[in-house]
Amino acid sequence: MPRRGVRCTVPAVIREVFRAVTHASAAIDRGVVRVMERRMAGSATRRTAAIPADAHRRLVELAAAYRDDTLGAPSRFFPTPPRPRLTRAAVSPTVEHLTWTSGYRPFLPAYRDEHHRWVENHTAHARRYTHAEARGPRPALVLIHGWGGGAWWLEERAFAIGYWVARGFDVVAFQLPFHGERAPGGVGRGPRSGALFPSANVMRTNEAFGQAIWDLRGLALALR
């Protein structure tokens with residue numbers, strides 16, 4: 001029997017646990033942000049000498065290219081992709097690696113030469129996790145990592161994939177452009193995954209967002 005005047009209920013304990021987890025998560029978030037700020041500040045310092053004198057004019061011209069009727073009409077910047085043909089390779093009895101040709105065509109013609117140069121980024125990657133005893137179709141959760149992510153071992157833990165699989169979902173982890181296996185050789189792999197997107201290159205950043213949505217919509221069509 002609890003002592004009189006002492007209230008110790010299960011909901012109260014759970015609230016304390018959630019509060020502690022929230023504080024810990026916030027601390028981790030602040031630490032990650034500080035690391036990102038230092039990395040970006042260091043990159044900015046190293047690249048200051050390379051900033052062209054006409055940078056402001058070029059940014060204004062680029063903004064005019066992405067005019068209001070572009071972003072205000074999603075079908076223009078985010079057109080509907082065709083359903084891609086997925087190539088499936090077994091990683092384990094419950095995990096399969098999915099690849100497909102991105103097929104994204106940059107919105108701005110001025111970026112197309114650079115886009116074609118990043119060969120590894122033309123192949124989209126995802127991994128599908130299911131249960132060993134799954135029978136028939138299951139609802140699927142599609143996971144999108146943050147900047148600098150995309151490593152399979154990291155996303156499996158960060159998103160607690162096993163938890164969702166055990167509760168009746170298939171889980172599909174998607175790699176963003178220029179991350180993970182889509183990072184061009186020697187530029188952005190490993191701890192520098194995502195170094196090219198997002199970046200100070202505004203045109204590449206805009207187009208990579210367009211490619212990310214294109215590839216995600218294609219993946220959703222294939223999964224359905």
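Predicted, not measured: the structure shown is a model, and the values here were computed from it.
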What residues, two or more places apart in sequence or in another chain, satisfy side-chain contact (heavy atoms from CB on, under 4.5 Å) together with [X]?
X    : result
D170 : R128, T130, R138, A140
R83  : L221, A222
T99  : T87, H97, T123, H125
E61  : R57

Any chance you could measure [X], atom [atom1], to [Y], atom [atom2], to the nearest 0.5 Å?
X    : Y    : atom1 : atom2 : result
R204 : L196 : CZ    : CG    : 5.0 Å
F78  : F209 : CZ    : CZ    : 9.0 Å
L219 : F174 : CG    : CZ    : 7.0 Å
I144 : Q175 : CD1   : CD    : 13.0 Å

For this session: Could you tell me which non-hydrogen atom of P84 sits nearest to which non-hydrogen atom of G218, and how far apart they are?
Result: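 Between these two residues, the closest heavy atoms are CD-O, 3.1 Å.
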For this session: Locate the shortest heavy-atom distance separating L86 from R88; write the atom from each residue and the value.
Result: CD1-NH2, 3.9 Å
For this session: Give a yes or no on whether the backbone of E120 and the side-chain of H122 come within a donor-acceptor separation of less than 3.5 Å.
Result: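 No; zero donor-acceptor contacts below 3.5 Å.
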For this session: Name all residues meeting the side chain to side chain donor-acceptor pair (under 3.5 Å) criterion together with T80; count only those two or more places apart in sequence or in a different chain, and write none if there are none.
Result: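 For T80, the residues satisfying side chain to side chain donor-acceptor pair (under 3.5 Å) (neighbours in sequence not counted) are R217.
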For this session: Only pairs at least two apart or in different chains count here, so list each salt bridge (charged side-chain N to carboxylate O under 4.0 Å, His left out) that has a residue in residues 155-165.
Result: none
So do the side chains of [X] and [Y] get within less than 4.5 Å of each other, counting heavy atoms only?
X    : Y    : value
W214 : P79  : yes
F197 : N121 : no
E114 : N201 : yes

Exercise. Are L176 and V142 connected, step by step, through hydrophobic side chains (Ile, Leu, Val, Met, Phe, Trp, Tyr) whose heavy atoms are closer than 4.5 Å?
Worked result: yes
Exercise. Would a hydrophobic clustering, with Ile, Leu, Val, Met, Phe, Trp and Tyr connected at side-chain separations under 4.5 Å, put W147 with L154?
Worked result: no
Show me the donor-acceptor pairs, under 3.5 Å and distance only, between side chains in residues 100-110 and residues at least two apart or in other chains.
unit_1: S102; atom_1: OG; unit_2: Y104; atom_2: N; d: 3.4
unit_1: S102; atom_1: OG; unit_2: Q211; atom_2: NE2; d: 3.1
unit_1: S102; atom_1: OG; unit_2: D215; atom_2: OD1; d: 2.8
unit_1: S102; atom_1: OG; unit_2: D215; atom_2: OD2; d: 3.4
unit_1: Y104; atom_1: OH; unit_2: E207; atom_2: OE1; d: 2.7

Exercise. With clusters built from Ile, Leu, Val, Met, Phe, Trp and Tyr whose side-chain heavy atoms come within less than 4.5 Å, directly or transitively, what are the remaining members of the cluster of V165, listed by chain and number?
Worked result: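 V165 shares its hydrophobic cluster with V91, V95, Y129, L141, L143, W152, F159, I161, Y163, W164, F169, V171.
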